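In what follows, a single structure is set out as structure tokens and then discussed.
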Amino acid sequence: MEEQNDLLGQRRAKLDSYREGGVNPFANDFKTSHTTAQIAEMHIDDDAEALQETEAEYAIAGRIMARRDFGKAAFLQLQDGSGRFQVYIAKNQIGEDSFELFRRFDIGDIIGIRGVPFRTKTDELSLRAKTIRLLTKSLLPLPEKWHGLTDVETRYRQRYLDLIVNPDVREVFRKRSRIVSLIRNFMLERDYLEVETPMMQPVAGGATAKPFVTHHNTLKMDLFLRIAPELYLKRLVVGGYDRVFEINRNFRNEGISIQHNPEFTMMEFYQAYATYHDLMDLTEEMISSIAKQVCGSFVIPYGGKDVDLTPPWDRLTLKESIVKYGQVEPEVLEDRTSALSYARTLGLELDDRIGHGKLLAEIFDEVVEPKLWQPTFITEYPTEISPLSRKNDENPEVVDRFELFIVGRELANAFSELNDPVDQRERFVKQLEEKAAGDEEAHAMDDDYVRALEYGLPPTAGEGIGIDRLVMLLTDSASIRDVILFPQLRPEVG
RNA sequence: GGGCCGGUAGCUCAGUCGGUAGAGCAUCUGACUUUUAAUCAGAUGGUCGUGGGUUCGAUCCCCCCCCGGCUCACCA
């Protein structure tokens, strides 16, 4: 037969022969009684003798991951949603006809087994099949059993295949799910209301970033995919929900890297009558307790080093951190000109007209951020780069804001919200000027948001936590693509 | 977008100082009723990422392009 050399062709031919022989290769009437993990759990303490006496019979289903044939018998590794389990197939147990059918099953096929538990000579808990059924014929061969699938491009493009063959990948996304659910519970227990706000926005506000543009045909208008939910969530606080949160996607039309995906998940939350100090305490408690539940300890490994999340965490002002890590006298930072020449000694290429605040942020990014391995809150951000934050009462040059850094990365950003509508409008105007001067990412004017503030936003603090990065931290993942099921890639060609 | 690295069988990889390619696993045939990457014997399987150039001859050398990884820039 011409197709005999072609793996896909061989399996297609089997499909046809099954149908001709009255075997449905895509049956859907098989019910399982247990997962393989449940069976393993129930019989963990039973030895071979105890199992001989049991009358238990189980129905399990899963994908054949390996088969070891011995003529009239065989061992299979069956994988279901809970793990892998060994199945023993013997001709004198399932009958000649079934065994003939079984002989043509391929690795990758999904089958159903009814059988009884026993222990093999090597004491491995297994199921001795009484009946065996094909549930789904698999037409494509799986990657090799030993080396598995390592090609990262295939792993991301065909994540289903990655998940079939790489148990540690399955585990990462289970942990991701668990982390999100723990965060949600943490917030709900503290009386935060979970809400959903627009993904498509006429003004992309709440952050400084380039948005994606889309178009609504009937409304004949361009819309932006949101870069942040911030302004909508604060409108809800104006509306009287004192505590709100949203766990959802943001979209930013910027570079892709080991830490950046165009769409990424943020948890943003707002709390009336709180300050950014309250949020530092809350963040410490949230992240450390989740780490403890997910990783079993406050001290977790990341990239070959330990991170200690035991509260309390270091708290430094932006300037203090530069002095500490940049080996520079505090006075140098007080003056824009001297700070600029210091920055240039660091090799930073900066425009002469750069503002003092933006300059300090540049210096921080260069000399401090990569060194903040252990969790650290940085406070007293320049007002100039914080258009939505409340000015500090003692020093209007800085705002009541913090960012959280762990393993040299920003993980959270929070501040006491600016709720003075006059100040807010002025800051928007200032951003418009920067936009006019060429800053593509300067914040747009949002008249309705200012109007909401004019009705009165209570004193409020708000925060955003990067969920992907948190998951990276708690799963010891080097790339954001390893914690996003379907990371953005160019289309497959050919 | 720049720099560096990579793309060879279904998978994991080797290789050709230029003469159209190999291994292991998978697959197929045969043996085998307690294996654990089962074993043993045999067999099949490739437009060497795409297009062009140089050459008697290119998977190999040169150029363009596509895809991916890392990195720099930008950002969270």
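Heavy atoms only: backbone and side chains are in, while hydrogens, waters and symmetry mates are out. The structure presented is a predicted model; accordingly, all values stated were derived computationally and were not measured. In the text below, chain A, chain B and the rest are named by the order of the sequence lines, each starting its count at 1.
For Thr150(A) against U12(B), a side-chain-to-base donor-acceptor contact under 3.5 Å is absent. Side-chain atoms of Glu144(A) and base atoms of G24(B) include a donor and an acceptor less than 3.5 Å apart. Judged by distance alone, with hydrogens and angles left aside, Asn92(A) brings a side-chain donor or acceptor within reach of the base of U33(B), the pair sitting under 3.5 Å. Taking 3.5 Å as the limit, the base of U33(B) and the side chain of Tyr88(A) contain a donor-acceptor pair of atoms between them. On a pure distance criterion of 3.5 Å, no polar donor-acceptor pair joins the side chain of Glu124(A) and the base of U35(B).
No option in Glu246(A), Glu263(A), Glu196(A) other than Glu246(A) meets the salt bridge (charged side-chain N to carboxylate O under 4.0 Å, His left out) test with Arg226(A).
Contact annotation for Arg490(A): backbone-only contact, meaning every heavy-atom pair under 4.0 Å involves sugar-phosphate atoms and none involves a base. Here Arg409(A) lies out of heavy-atom contact (under 4.0 Å) with every strand. Heavy atoms of Phe251(A) sit nowhere under 4.0 angstrom from any nucleic acid atom. Across all strands shown, Arg128(A) has heavy atoms under 4.0 Å from base atoms, whether or not it also approaches the sugar-phosphate.
Comparing Ile107(A) and Lys91(A) by the nucleotide of RNA chain B that holds the closest heavy atom to each, the one mapping nearer the 5' end is Ile107(A).
Every pair tested for side-chain hydrogen bond (donor to acceptor under 3.5 Å, both in side chains) that includes a residue from residues 365-375 of chain A fails, sequence neighbours excluded, so the list is empty. Applying the salt bridge (charged side-chain N to carboxylate O under 4.0 Å, His left out) test to residues at least two apart or on different chains, the pairs with a partner in residues 68-90 of chain A are Arg67(A)-Asp69(A).
With sequence neighbours excluded, the residues satisfying salt bridge (charged side-chain N to carboxylate O under 4.0 Å, His left out) with Glu230(A) are Lys234(A). Looking at residues two or more places apart in sequence or on another chain, you find no side chain to side chain donor-acceptor pair (under 3.5 Å) involving Thr131(A). Taking Thr383(A) as the reference, Lys391(A), Val399(A), Arg427(A) meet the side chain to side chain contact (heavy atoms under 4.5 Å, CB included) condition, with sequence neighbours excluded.
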Taking Watson-Crick and G-U wobble contacts under 3.5 angstrom, with | marking pairs to another strand and [ ] crossing pairs, the secondary structure of RNA chain B is written (((((((..((((.....[..)))).(((((.......))))).....(.(((..]....))).))))))))....
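For the pair Trp146(A) and G24(B), the ring geometry does not qualify as stacking, because the centroid separation below 5.5 Å and plane angle under 30° are not jointly satisfied. Under the stacking criterion of a centre-to-centre distance below 5.5 angstrom and an interplanar angle below 30°, Phe70(A) is not stacked against the six-membered ring of C32(B).
Between Phe245(A) and Tyr192(A), the two ring planes are perpendicular [angle over 60°; tilted spans 30° to 60°].
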